Each structure stands twice: as C-alpha cells, then as structure tokens.
Amino acid sequence: MNKEFAVFWGCTIPARFPFIEKATRVMFDDLGVKVHEQPGHTCCPEGTLVKANDPDAFYTAAARNLAIIEKAGLDVVTPCNGCYSTFKEAQSHLRTDWRQADVINERLAKEDLHYSGDIEVMHFAEWLSDSMGAALIASKAKKNFWGMRIAVHYGCHLLRPQPAVRWDDPLHPKKVEEIVSALGARVVDYPTKMQCCGGALDRVGQRDSSLAFCRRKLYDLQNNDVDALVVVCPSCFQQFDLNQAALQRANENVNVPILYLSELIDLAYGHTPEEIGMDMHRVSVQPFLDKWEARSADKTKLALNFDVALLNKCDSCRACKDDCPVCKVDPTFQPNDIIRDLVDGKLDEVIAEGQLWKCLECYTCLELCHSEIGMAETFRKLKEIAIEQGAGPESVPQSYKMFMETGTLGKPKQSARKKLGLDPLPEDGGDAMSRIMSNTDESKGAE
C-alpha cells in the first residue's frame, strides 16, 4: 500500500475551502500517510476556462505540473475532481499525440523538467477505495454513523470520460458509497444522483441555470429524507453549499448539510467539527450533528434489548419478504420494514405505531430463514418493551392480570361439560401459581 505521495490541492480548495484541506490533512495523518507538496505548481488548469481558449496551453500546463511531481519521484493524489480530470485527460491525450508531447518537452527542458506520463494520478477517493479499502478505513472509526441516511454525489469528472479515467463505473458508481456504508451510514439512492452539479454554468455567466441544477438535486435529496450529502469535489461542494445558502437567502425551503468525504471520515475518527473547521460551511451541519448524536443514543438504547449486528444482517437480507402469513392478508403489516425502522433507530416510533402486535409468532420466518435468524423473537421482545411502556393493547395486561390471579385465561364451563357427560375437571392450580409468583416477587424485591 502506497502511503507516501505528492498531493495536488488545486486552486479551489486553498482559495475558498481551506477547511477541506485541513480535514483531508487530518484524515491523511490518521491513516499514516505522508504527503509531499512540490513548489512551482500552477492551476491544473481548469478545462472550461483554459482549454476552450488554448488547448496547447492547457496540455502544457498540465504536463508541467505532472513533470514537477515526476522529478520528485512520486505519484500524486488530488482531492479535486477537476485537477484529477485534467491530469487524466492530459496523460491520455499526450500518450497518443506524441508529437505534441515532444513539443511540450522541448519547452519544459528550459526549466530542467521532462514529462513522461509515467506517474500514477489518483483522486483521494480512488486512493481511499483502491489502496486502503472501505473495511480498513472503517476499522479505525471510533463512532460510526448508524441510523444516518447519507447520499453521495460523485461529480462528473471523477468518473468521466471513461477512456481517460477508468476508475469506477461512469454511470453506476459505488466505490464512495461503499466507504460511507462501511462507516455505518445507510446510503440513500436518489433519482438525480448522476446529474451534474451544474456549477460550471456559473463560470460562464449562466447563474440561473446553475441554481436550477442545484435546486433540483437538493429538493430530490430532501424528498428522499437524506440527512447529508457527501461530495468529493470542491466545485461540487461550492455548488451545493454556497449556492444552497443563496437559495436559503431567497427563502427557498432547502436544508441539506453538505460534507466532504474527508470531513465525514474525520468525524468518525473522533475529531470535533470545530477542529476541522466545519463551522465555516455556509449551510449549517448542526442538524446533521444533532441527529447523529440522537441516533447514537438510540443505538445504545436498542443494544440494551437487541443484537444490533443481527438486526443489520436481517435488514440487509430481506429474503423472507412477503413470506409472513399476516402480510399476505394485511399488506399494511410489513415486518421487514419494521426491522428496518429498528435499524434506523426508530424504536420509539415502532412501539407507538403498534403494528408489531400483528406478528403471530408463528415462526414461519424462522423456518424459512437461511441464516436461522427469523423475526419472531424480535417481535416478541418488542411486545415485552411495549408492555413495559404501557403501550400494548388493553387485552394484553388484562389477560396477564387474570393469569397471575387465577393461573388460567379461561374458567371451564361446568354446565356444558355436564350436558356432554364430562366429569368435572380436577381443582386447578391457580392458587398455587399465584402463591409461587407472589413469593417470586418478594424474593425479587429482597434482591
């Protein structure tokens, strides 16, 4: 595993979002990474503003930046989609257009530089995913994001154009989501996930169109009950944080906290929001942090009564969906959804809704479960908790009281038995049972 490389911050992060640089440096430190910064770098350069004017200047500047890193004998990691895309595109183009590469190298030779295109260019999300791996990243977490609903925005230039980039699927990526999921969050899919952030429209004077892109995705996220959006590109961060703040000032009802991936990892590793400058976001992340705190308390509460890992396994499987005999006649009872609500930390809501009492404890789910988990025991425990909270149907405590007083839930009908020629039943053991339980209660009290 390569843990020493050059880092290329680009222009946007140091100029506008130094807290992203801080969060990423903290993350690298925690992962034992040594990064080197090379003097003499320029803008990568940005494609829309430079390449459209002068492709030769675009490729020359990109090759020069890479040549500086080559001279240091390092590979390079960047936390910026734009820089990543520029370098990948330059490598791909100059690999085939060797004549232009020769011209550029003649220019670079005057500065004692040479571009060969041999170094590895990685996005920091790519390095995290492919070099570290989601499981290893998660293993260092002190607190996970259990119960949190987090969506991911990749940004176009992390994935495309595929011939130059070749990292994750350009239309159906999953690698960043695997990291977020490994940190314990529920990754939320949403219809506009692969829609461009639209930030480049701002740079060419199309402010209204840029805001329209931003607005469309933010409302989509809100409609999917997302707690935060994780991004891996400073331009995308700018679009969804700064421009969301502009929408808020215009009294639009949008509020989706935006987190850079390294910020999310830092929080999981125990760093405070203040330490990594999250108070510098334009859209407050406090709602996310408050809910995270509440969900952590929910998990502690849930763990007192349930095996949370087993609940997660049950929820992630769902092979028994629609096997429950109750949901076949009553579609309003969806036991798998109740398990998911528990995993999402909604224990109180599950108790209050009362659907749990529809479980017949017939153990069909257990018999059909290939992992021999089933859901019946979970529902039995839920009923126990509901009774403790006084939230059960009236018939349950009434029947329990009758049992404790008489040892039975129904007296035999002696007249009907006599009519059928049946002898009276022997005296029941209700009094004995009552005495036993009374003594048990006393001994419990003595303890």
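Note that the structure is a prediction, hence the values are computed from the model and not measured. As a basis for the values below, the full set of heavy atoms in this structure was taken, side chains included, without hydrogen atoms, waters or symmetry mates.
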*Is there a ring-ring contact (aromatic ring centres under 6.0 Å, His included) between Phe8 and Phe87 once you walk through the steps?*
CA-CA 11 Å; Phe8 190 89; Phe87 291 157; 4.9 Å; yes
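- At a threshold of 4.5 Å between non-hydrogen side-chain atoms, the residues Glu377 and Leu310 do not count as touching.
- Between Phe5 and Phe28, the ring planes lie perpendicular to each other; the angle is over 60°, past the 30° to 60° tilted range.
- For the residue pair His281 and Glu263, a side-chain donor N or O sits within less than 3.5 Å of a side-chain acceptor on the partner.
- To the nearest 0.5 Å, atom CZ of residue Arg340 and atom SG of residue Cys314 are 10.5 Å apart.
- No side-chain heavy atom of Trp9 sits under 4.5 Å from any side-chain heavy atom of Cys83.
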*Yes or no on side chain to side chain contact (heavy atoms under 4.5 Å, CB included) for Tyr219 and Leu247, after CA distance, side-chain angles and deciding distance?*
CA-CA 11 Å; Tyr219 277 110; Leu247 294 175; 6.0 Å; no
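- The two residues Leu356 and Phe379 make their nearest non-hydrogen contact at O-CD2, 3.7 Å.
- No donor-acceptor pair closer than 3.5 Å links the side chain of Ser85 to the backbone N or O of Asn81.
- Side-chain N or O atoms of Ser131 include none that pairs as donor or acceptor with a backbone N or O of Leu128 at under 3.5 Å.
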_Residues Glu120, Gln91; criterion side chain to side chain contact (heavy atoms under 4.5 Å, CB included); working and verdict_ = CA-CA 10 Å; Glu120 186 172 3; Gln91 283 186 322; over 6 Å; no
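- Using a 3.5 Å distance cut-off with no hydrogens or angles, the side chains of Thr192 and Asp220 do pair a donor with an acceptor.
- The number of heavy atoms from other shown groups lying within 6.0 Å of CD (Glu37) is above 12.
- Under the side-chain contact (heavy atoms from CB on, under 4.5 Å) rule, His123 has a single partner from Val176, Leu158, Val165, which is Leu158.
- The closest donor-acceptor contact from the side chain of Thr24 to the backbone of Ile20 lies under 3.5 Å.
- A distance of 6.5 Å separates SG of Cys196 from NE2 of His153, quoted to the nearest 0.5 Å.
- The only option from Leu31, Thr78, Asp75 that meets the side-chain contact (heavy atoms from CB on, under 4.5 Å) definition with Trp127 turns out to be Leu31.
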*Candidate pair Lys411 and Asp428, rule salt bridge (charged side-chain N to carboxylate O under 4.0 Å, His left out), full reasoning*: CA-CA 10 Å; Lys411 288 288 186 182; Asp428 64 37; 3.4 Å; yes
*salt bridge (charged side-chain N to carboxylate O under 4.0 Å, His left out) assessment of Lys142 paired with Asp30*: CA-CA 12 Å; Lys142 297 178 178 176; Asp30 285 346; over 6 Å; no
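- Heavy atoms of other residues, nucleotides or ligands lying less than 6.0 angstrom from OH of Tyr363 number more than 12.
- Around the NZ atom of Lys328, the shell of radius 6.0 Å holds more than 12 heavy atoms that belong to other residues, nucleotides or ligands.
- Using modelled atom types, one side-chain atom of Lys22 and one backbone atom of Glu275 make a donor-acceptor pair closer than 3.5 Å.
- In terms of heavy-atom proximity, Gly82 sits nearest to Cys44 at O-SG, 4.2 Å.
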_Derivation of the side chain to side chain contact (heavy atoms under 4.5 Å, CB included) call for Phe240 and Val283_ = CA-CA 9 Å; Phe240 295 124; Val283 174; over 6 Å; no
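- Side chain of Ser92 to backbone of Glu89: no donor-acceptor contact under 3.5 angstrom is found.
- For the pair Val226/Ile150, no side-chain contact is recorded, criterion being any heavy-atom separation below 4.5 Å from C-beta on.
- Using a distance-only test at 3.5 Å, with no hydrogens or angles considered, no donor-acceptor pair links the side chain of Gln238 to the main chain of Asn243.
- Annotation: side chain of His370 is in contact with side chain of Cys317 (closest heavy-atom distance under 4.5 Å).
- Side-chain contact between Asp431 and Arg435 is present, with at least one heavy-atom pair separated by less than 4.5 Å.
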_Derivation and outcome, side chain to side chain contact (heavy atoms under 4.5 Å, CB included), residues Glu252 and Leu218_ = CA-CA 11 Å; Glu252 294 209 26; Leu218 292 172; over 6 Å; no
*Go through the steps for Arg318 and Asp337 under the test salt bridge (charged side-chain N to carboxylate O under 4.0 Å, His left out), then give the verdict.*
CA-CA 9 Å; Arg318 293 194 157 218; Asp337 291 347; 3.3 Å; yes
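- Contact annotation: the side chain of Asn65 never approaches that of Thr86 to less than 4.5 Å [non-hydrogen atoms, C-beta and beyond].
- Asp241 and Arg282 are not joined by a salt bridge, as no carboxylate oxygen comes within less than 4.0 angstrom of a charged side-chain nitrogen.
- Within a 6.0 Å sphere centred on CD of Gln389, other residues, nucleotides and ligands contribute more than 12 heavy atoms.
- To the nearest 0.5 angstrom, Phe19 atom CZ is 10.0 Å from Ser262 atom OG.
- Atom SG of Cys359 is separated from atom CG of Leu382 by 9.0 Å, given to the nearest 0.5 angstrom.
- Applying the side chain to side chain donor-acceptor pair (under 3.5 Å) test to every pair with at least one member in residues 167-177, sequence neighbours left out, gives these pairs: Asp130-Trp167, Asp130-Lys175, Tyr154-Glu177, Glu177-Lys193.
- The two residues Ala228 and Phe288 come nearest to each other via the heavy atoms CB-CD1, 3.5 Å.
- Across all their heavy atoms, Arg207 and Ala246 have their closest contact at NH2-CB, 3.7 Å.
- A distance-only check finds a donor-acceptor pair linking the side chain of Arg149 to the backbone of Asn224 [under 3.5 Å].
- The residues Glu126 and Arg166 are annotated as not salt-bridged, no charged nitrogen and carboxylate oxygen being separated by less than 4.0 angstrom.
- Side chain of Gln248 to backbone of Val254: a donor-acceptor contact under 3.5 angstrom is found.
- Contact annotation: the side chain of Gln38 never approaches that of Lys71 to less than 4.5 Å [non-hydrogen atoms, C-beta and beyond].
- A donor-acceptor pair under 3.5 Å links the side-chain atoms of Asn144 to the main chain of Trp146, judged by distance alone.
- The shortest heavy-atom contact between Tyr269 and Ile137 is OH-O, 2.7 Å.
- Distance alone, capped at 3.5 Å, places no donor-acceptor pair between the Ser371 side chain and the Ile373 backbone.
- Residues Met194 and Leu159 have side chains in contact (heavy-atom distance under 4.5 Å, counting atoms from C-beta outward).
- Closest approach of Cys11 to Cys43, counting heavy atoms only: SG-CB, 3.5 Å.
- At most 12 heavy atoms of other shown residues, nucleotides or ligands fall within 6.0 angstrom of atom CD in Glu394.
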_Let's go through Asp227 and Arg295 carefully: what are the C-alpha distance in whole Å and the side-chain angles of both, what is the deciding distance for salt bridge (charged side-chain N to carboxylate O under 4.0 Å, His left out) to 0.1 Å, and is it a yes or a no?_
CA-CA 12 Å; Asp227 296 318; Arg295 284 293 178 245; over 6 Å; no
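- Counting heavy atoms of neighbouring residues, nucleotides and ligands inside a 6.0 Å radius, atom NE2 of His157 does not exceed 12 of them.
- The distance from atom CD of Glu46 to atom NZ of Lys51, rounded to the nearest 0.5 Å, is 11.0 Å.
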